[in-house]
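Written below as structure tokens is the structure these notes are about.
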Protein chains: 2
Amino acid sequence: MVTIYDVAKKANVSAMTVSRVINNTGRISEKTRQKVKKVMEELNYVPNSMARSLVLQETKILSLLITDITNPFYTTLARGAEDAAKQYGYRLLLCNSDENLEKEKDYVDMILSTRVDGVLFAPAGDSSREHLEKLAQHNVPFVMIDREVPGISSDMIIGNSKDGARQLVEHLIGLGHRRIALINGPHEVSTARERQAGYIEALKLNGIDEDPELIAEAGYKTFDATVLLERWLRMHDRPTAVFAANNFLAVGIIRSLRNMGLRVPDDMSVVCFDDLEHVSVLEPFLTVASQPAYSFGNMGVRLLIERIRNKGANPRKIIFPAQLIIRQSSARLPSAK
Amino acid sequence: MVTIYDVAKKANVSAMTVSRVINNTGRISEKTRQKVKKVMEELNYVPNSMARSLVLQETKILSLLITDITNPFYTTLARGAEDAAKQYGYRLLLCNSDENLEKEKDYVDMILSTRVDGVLFAPAGDSSREHLEKLAQHNVPFVMIDREVPGISSDMIIGNSKDGARQLVEHLIGLGHRRIALINGPHEVSTARERQAGYIEALKLNGIDEDPELIAEAGYKTFDATVLLERWLRMHDRPTAVFAANNFLAVGIIRSLRNMGLRVPDDMSVVCFDDLEHVSVLEPFLTVASQPAYSFGNMGVRLLIERIRNKGANPRKIIFPAQLIIRQSSARLPSAK
DNA sequence: CTGTTAGCGCTTTCAT
DNA sequence: ATGAAAGCGCTAACAG
């Protein structure tokens, strides 16, 4: 491996001079600058960023910790983060917690030992609190994205889950539905609680009684909803619509409905939080509350970098609105039902 | 920042002893081991992997260089890579070239300066050759994924594009189509050439003349196919089916068709390479040649790690078959057309 | 079983 | 404008 000393020797200067031309720092005569540059080319010299990090105490690496890299929401978010990171000269370490606190914990340790300059952190749940506190204790700046964690104060970028949920449910109510089921994410996750709050608010606002039987909790990953649906469909006043708390939950519901020979929206309306990106272009089907995922990531990295530069500033909280996109999966309830 | 020396001092041992308990290396009395461990806990000591990398000349970091992180194919591939990396104790640096050679070049420089132990490399095109050569010249192991680059010999994991394309086109022919258009990726990319070869082979095998008018080249990203489609639809013997060389191209086609008021498959059959994952569950619509994306990433990282351990071994080439999945977007041609 | 020395590749500080 | 010395946090090699 060619080092700064190899370059120095060949160019008949000191290592310090080479370092200066690499970093464009200090005063250097144009002549030696050119000479050094030439030698660097000849030797195919590439600075060792690890060595640099060690002395500078900064790695120019950011961690992107998300809970599901296969979910288009996080994928688009990652793209936004990547663009911003590249723009500001940061590298991105990818961590996928898989909605799993154990994996998250492992990644936090990895993050700590990597001495990253900051973390864009989508918490797996409220119990992520200790992980976040660990980061804080080690002075690692972070910004929470997509989800809040009670007891943690930091920069934050979240969507307005409650309002988005309310819009979605009121849309269903507007179509005549009054028996609306909620298949929610884990209560451990702030967005799930908020979405349920929005759901309940919408019911209240429209004088509909909340029925605990119609509220179920699942993970935020795809799952088999068959048993759940069978229970709901056996009810004497069965639900005519389902609000799924995220896109993958909706996918699970729809698949189960299909397997049971039921059609959407004819037999059951389905709406959900988060769009399915390209999918929805293909077959504009799912009625959703869409969030600006790219901005979550892009703004997140920007906030993070500002935080790194000024650790003392007051934490900022950015709340993006959710946008109701009405498509085919929700339909007016035939009054004779 | 607490270092190995802080721990050593507080535990009344040398730094070397601490290093030994961290790495479980050498012989240490159980007593001192416990003492050191206790002090590490008390001090919240976390080893600095940068310092470690510097002396070990190995970073335990792998680069994942893909061309489009928003494409479900690469997203699933990334997931596979992430799982394998985590399993083997490697971290993953995320690089998204965006099908752009300039960005790819930047990332290669970044990769070089990061001194990663290896790269999982999905080349943006044949011109990636110089980037790959640069890696080779610097002794950075890599395995090519998804795409080949002429002139580069290395470990490789690709899909059988030619055969997949042939299957797709023969499926259309079996449905009675004889005027089949191809909307291809850039000729600069090996998969595009292979898919075209498979398309042509299928035509030949079935005695259908190839019509250059029906072959178009685009990027591998979503695009507006309106102009192209208008040209095709004006022809006296217009195509009745389109083979899109990847999923995003298909999305572009279908969106344009919809905007023009045409329906799939009634007015035009559409098939493509690469599935749209979760999407297809939602609305099993698109007929595709599906590739095992997760395995591309997972096996890729495994190959890469083996390569790192044994740089001398012969390069291996793994070719995954493509699987034809017939859904709704392709239909039998009404004979009266 | 444990400690000392030297050095990984770089930059900061202080000289010249 | 340039260089020498020291040190970032760690471990290999050797010594005891």
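Just so we're clear, the structure is a prediction, and the values are computed from it rather than from any experiment.
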For this session: Send over the distance from Arg20(B) CZ to dT11(D) P, rounded to a whole Å.
Result: 11 Å
Exercise. Checking side chain to side chain donor-acceptor pair (under 3.5 Å) against Ser127(A), which of Glu188(A), Lys105(A), Glu104(A) comes through?
Worked result: Glu188(A)
Problem set entry | Between dG7(C) (P) and Arg52(B) (CZ): distance, integer Å | 21 Å
Exercise. If you check the Ile4(B) side chain, which of dT12(C), dT2(C), dC10(D) turns out closest?
Worked result: dC10(D)
Exercise. Can Glu41(B) and Lys37(B) be said to form a salt bridge (charged side-chain N to carboxylate O under 4.0 Å, His left out), step by step?
Worked result: CA-CA 6 Å; Glu41(B) 293 259 311; Lys37(B) 285 206 164 177; over 6 Å; no
For this session: Provide, to the nearest angstrom, the distance between the OH atom belonging to Tyr45(B) and the P atom belonging to dG9(D).
Result: 10 Å
Seminar exercise, completed: In whole angstroms, the gap separating P of dT4(C) from CE of Met16(B) amounts to 12 Å
For this session: Quick one: sort the Phe296(B) and Phe320(B) rings into parallel, tilted or perpendicular, breaks at 30° and 60°.
Result: tilted
For this session: Ignoring the backbone of Val55(A), work out which of dT2(D), dC8(D), dT4(C) is nearest its side chain.
Result: dC8(D)
Problem set entry | Atom-to-atom span, CG of Leu112(A) to P of dG9(D) - whole angstrom | 15 Å
Exercise. Okay, side chain of Tyr220(B), backbone of Ala192(B): is any donor-acceptor separation there less than 3.5 Å?
Worked result: yes
Exercise. Do Arg115(B) and dG9(C) share a donor-acceptor pair, side chain to base, under 3.5 Å?
Worked result: no
For this session: Quick one: label Ser53(A) by what it contacts on the DNA or RNA (base, sugar-phosphate, nothing), any heavy atom closer than 4.0 Å.
Result: nothing
For this session: Quick one: label Leu56(A) by what it contacts on the DNA or RNA (base, sugar-phosphate, nothing), any heavy atom closer than 4.0 Å.
Result: sugar-phosphate
Exercise. The side chain of Ile28(B) lies closest to which of these nucleotides: dG3(C), dT2(C), dG9(D)?
Worked result: dT2(C)
Exercise. Can you tell me how far C1' of dC10(D) sits from CD1 of Ile22(B), to the nearest Å?
Worked result: 9 Å
Problem set entry | Intermediate values then yes/no, salt bridge (charged side-chain N to carboxylate O under 4.0 Å, His left out), Arg91(B) and Asp117(B) | CA-CA 10 Å; Arg91(B) 291 163 284 182; Asp117(B) 294 342; over 6 Å; no
Exercise. Is there a side-chain polar atom (N or O) of Gln57(A) under 4.0 Å from OP1 or OP2 of dT11(C)?
Worked result: no
For this session: Ignoring backbone atoms, test whether Thr3(B) places a side-chain nitrogen or oxygen under 4.0 Å from the OP1 or OP2 oxygen of dC8(D).
Result: no
Problem set entry | Glu58(B) CD - dA12(D) P separation (whole Å) | 10 Å
For this session: Could you walk me through whether Gln34(A) and Glu30(A) pass side-chain hydrogen bond (donor to acceptor under 3.5 Å, both in side chains), step by step?
Result: CA-CA 6 Å; Gln34(A) 291 311 329; Glu30(A) 196 47 35; 2.6 Å; yes
For this session: State whether Thr32(A) places a side-chain N or O below 4.0 Å from either non-bridging phosphate oxygen (OP1 or OP2) of dT2(D).
Result: yes
Exercise. Quick one: Met1(A) CE to dG9(C) P, roughly how many Å, whole number?
Worked result: 9 Å
For this session: Output yes when at least one side-chain N/O atom of Thr17(B) is less than 4.0 Å from OP1 or OP2 of dG3(C), else no.
Result: yes
Exercise. When you match Tyr5(A) and Ser14(A) each to their closest nucleotide on DNA chain D, which lands nearer the 5' end?
Worked result: Ser14(A)
Exercise. Hey, does the side chain of Arg27(B) come within less than 4.0 Å of dC1(C)'s phosphate (OP1/OP2), counting only N and O?
Worked result: yes
Exercise. Counting just side-chain N and O atoms, does Asn23(B) come under 4.0 Å of either OP1 or OP2 of dT11(D)?
Worked result: yes
Problem set entry | Among dG9(C), dA12(D), dG3(D), the nucleotide that comes nearest once only the side chain of Leu54(B) is considered | dG9(C)
